[in-house]
Amino acid sequence: MKHLCFFCLYALVILHGLECVLPQTPSYGERGSDLGIQVFQQLVRSKPLENVVFSPHGVASILGMLLPGAHGETRKQIISGLRYKKNGPYKMLKKLHKTLTAKSNQDAVLIANAIFSQQGFPMEESFVNTNKDNFRTETRSLDFSKPQVAANEINEWVNNKTKGHIPSLINPEMLDATLTRLVAVNSIYFKGLWKSRFQPMNTKMRPFTGGDGNVYSVPMMSQLSVFNICMATTPQGLKYKVIELPYHGNTISMLIVLPSDEDTPLSRVIPHISTATVQSWTKMMRLRKVHLVIPKFTADAEVDLKASLSALGITDIFSEDKADFRHLSAEPLHVSKALQKAKIVVNEDGTKAAAATTAILLARSSPPWVTVDRPFLFLIRHNPTGTILFMGQINQP
Ligand SMILES: *[C@@H]1O[C@H](CO)[C@@H](O)[C@H](O)[C@H]1NC(C)=O
């Protein structure tokens, strides 16, 4: 019997032809980007009670793809939005891409990038080459004058790259038969088996108090095991627990964030989360034997990125007048739409290795209980690089 965890995700941007420009010289920065987490915070602010699943890395990737085409203020906004320091963003994104797609990760993480451009649309060679070098971006030409056919082709690519988990990303109405020039797509697929698996027979219906205050009966998995755990505090003094659930292979973990006080809404803790916060947990983590109870859950979400990115200062890419992608093509372009769809399924997973792990834990007595029976936050981190591949909030599993 085999249970798998799937995470799919991607981001997309559609560029339309238009006009207007500004000059300026480029500058760079680097290190793990915080932008995706900031976007997540923007998103959940407007939906504090919904389930949200999102890929921070997908947002950074799509902007990383556009960056070599950008100039002047447009470029500056992307770079400062990505919050990279030192050495140039490509170097960092390229290194990340290389690490994330390394042989040892290939079973778990599949990242793919593509640029679909209008037949005959002349792109700058350096833009295409930079994308190929940094992200192995493939370029394909399409005929956007047939929006349905073009959308089908893009969706089929996404469906292939996400192994069927995101069957459709764009609809034909998002494409303009005469103005669409380019669609950039990033896809991330992740499959991980828990290092310490849950036994299906231990999954029971248990109460979970939703973000809306109602109590729901949901399937809760449980296991007695040793996990990395820490207690952290927000600057406002709110305490929360962090529990790390490693996946098989040990390079990727899910981190569960649970406010310690039942009355503390998740929304009071989320603004405190950043790559620096996540990094700080690593130092505080201690292995502890606990009886972990956590819901099985699935979630999917579609998010329009325009409002969030704009709120974070990345505005010019969306402006017909201000967008400056002169290094992408001679024809002025701007971003008409930026969106992301994501999906997550979490369950018990395989059984034999779980039995082995659980056996060790059973040797100890009266371990404390950690019951995730209230809204919680999750993050899926590639540990060696600190990249947050996915994050989400679960208000009702
Ligand atoms: C999707 O995968 C199938 C089977 O490998 C392939 O024939 C098809 O060309 C792929 N589609 C796209 C759009 O890449």
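Counting convention: from 1, in listed order, for ligands and their atoms alike.
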Visitor: Counting only nitrogen or oxygen atoms and a 3.5 angstrom limit, does Glu153 reach ligand 1?
Guide: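 No; the residue has no nitrogen or oxygen that sits under 3.5 Å from a nitrogen or oxygen of the ligand.
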Visitor: Among all protein heavy atoms, pick out the one at the shortest distance from atom 10 (C) of ligand 1; state its residue, atom name and that distance to 0.1 Å.
Guide: Asn160 ND2, 2.4 Å
Visitor: Which residue owns the protein heavy atom closest to atom 9 (O) of ligand 1, what's the atom, and how far is it?
Guide: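 I find the closest protein heavy atom is Glu156 OE2, 3.9 Å.
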Visitor: What protein heavy atom is closest to atom 13 (C) of ligand 1, reported as residue, atom name and distance in Å?
Guide: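 That would be Arg140 NH1, 3.4 Å.
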Visitor: Measuring to protein heavy atoms, does anything land under 4.0 Å from atom 4 (C) of ligand 1?
Guide: no
Visitor: For residues Gln340 and Ser55, is any side-chain donor paired with an opposing acceptor at under 3.5 Å?
Guide: no
Visitor: Evaluate Phe227 against Lys289 for side chain to side chain contact (heavy atoms under 4.5 Å, CB included), listing each step before the verdict.
Guide: CA-CA 6 Å; Phe227 294 99; Lys289 176 189 46 176; over 6 Å; no
Visitor: Any protein heavy atom lying closer than 4.0 Å to atom 7 (O) of ligand 1?
Guide: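 False for atom 7 (O) of ligand 1.
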Visitor: Can you label the angle between the Phe54 ring and the Phe40 ring as parallel, tilted or perpendicular, going by 30° and 60°?
Guide: tilted
Visitor: Quick one: list whatever passes salt bridge (Lys or Arg N to Asp or Glu O under 4.0 Å) with Lys296, sequence neighbours left out.
Guide: Glu348
Visitor: Which residue, Lys76, Lys322, Gln77, Arg75, forms the side-chain hydrogen bond (donor to acceptor under 3.5 Å, both in side chains) with Asp316?
Guide: Gln77
Visitor: Checking salt bridge (charged side-chain N to carboxylate O under 4.0 Å, His left out) for the pair Glu153/Arg140: CA distance, chi angles, key distance, verdict?
Guide: CA-CA 10 Å; Glu153 173 82 8; Arg140 296 188 176 196; 3.4 Å; yes
Visitor: Please could you name the atoms of ligand 1 that Trp157 approaches to less than 4.0 Å, counting only its heavy atoms?
Guide: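 Those qualifying, in numeric order: 13 (C), 14 (O).
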